[in-house]
Amino acid sequence: MLDRRSFVGGALLASGARLWGAGYDLVIKGGRLIDPAQKIDRIADVAVQAGKIARIGTNLSGTQTIDATGKLVTPGLIDVHMHAGDTMLPPSEVLNTGVTSLCDGGSRGADNLDELVGIARTANRMRIFLNIARLGNAPNGRAEFLDGLEPADIGKCRAAVERNREWIVGIKARLSRGVAKDQDVEVLRRARVVADAVKLPIMIHMGDTASPLPGLLAMLRPGDIVTHLYAPPPHGIMDDKGKILPEVLAARNRGVRFDFGNGRNEHWTWEVAQSALQQGFAPDTISTDLNATSRTEQVFDLPSTMSKFLLLGMPLNQVIACVTANAARSITTFKSYGTLRTGAVADIAVLTLAQGSFDFVDNYKGVRKGTQKLSAHAVVAGGRVR
Ligand SMILES: [Zn+2]
């Protein structure tokens, strides 16, 4: 993280002092600016005034300055799928890793949502996918539907969304056999009923489902999100020969979004990810599925997760797009974020792209060595240096 000595300038100059030559409130100087939303990739300064992006240019001066020489300067990162319901993983800690906007992916349901909404109120910018199951993502160590479908309560879920409209951005349905046994279709049907009633998307958790994926995809609409897209067989995105299923390509073509969702257990292998990327099937969004445990193993944070895609050969600009412009497109509430466009809220990540030899691991203990690793150097949220 940035230490205080990296700052230049004083607080005595009011923001209006720009007319007198003192410059903008904040200037991030000399970094490689990457903003896929504007197709920008060049060395430049970015100026912040009154919490908004004021200008991209050269030789800009500011009351406060961050020297970004040799660093990447990107829009604040957006993690569309993590778990913020755990007191061991406060959103402030995620903010330090460059993530200025995040979604909790189904940690809680209608019966235990209040605490999570409380966390969202204090977080920088956090929204919630509400689990169709009343108690959410196994808060008591027992997966949602192992004892039957009673927790998938349409009325309660809908009422909870309506009570918390401001915070809920979608309905989460975990469909793997370890969660839904052989009832994936019925769980998804109930999520569909709620989602349609409240006009929000569904995020499904695929992989090892009882039903083949095409049948589940057929129940999704444009804007719905499929997370854990690189889950290995059975019932992943490929056929027996390793070819992407036509139904998967068709789902993408009609607007279904595909998310990575790193996580720790059975969500992805290097082999599936590599094969899919070679066939041109990249994720729309790269997310961590982070929780308190994976903060110290496998996942660590969003920049580490992004680094795995650099290892797999995805171009840097596309990796950045997956956590900025693309993520803002997936989450309607975030549509004005994920860019450094003039007038946008000044959410900015200054990233280090280290060169060296770094180990990365998939969910099955597969280790690969990468030569590049991203980490956060400095973070600006709403114009404030964090
Ligand atoms: Zn998750």
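Whatever order the structure lists ligands and atoms in, that order sets their numbers, starting from 1. Along the sequence shown, residues carry numbers from 1.
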Per residue Asp289, nearest N, O or S atom to the Zn ion (ligand 1) is named OD1
Confirm or rule out an N/O/S atom of His205, from backbone or side chain, lying less than 2.8 Å from the Zn ion (ligand 1). no
Is the backbone of Asp25 close enough, under 3.5 Å, to the side chain of Gln64 for a donor and an acceptor to pair up by distance? no
To the Zn ion (ligand 1), the closest N, O or S atom belonging to His81 is NE2
Under 3.5 Å, is there a donor-acceptor pair between the side chain of Asp224 and the main chain of Ile202? yes
Begin from the C-alpha positions of Asn326 and Thr285 and carry the test side chain to side chain donor-acceptor pair (under 3.5 Å) through to its verdict. CA-CA 6 Å; Asn326 293 5; Thr285 49; over 6 Å; no
Test item: Asp239 side-chain N/O and Gly242 main-chain N/O as donor-acceptor pair under 3.5 Å: yes
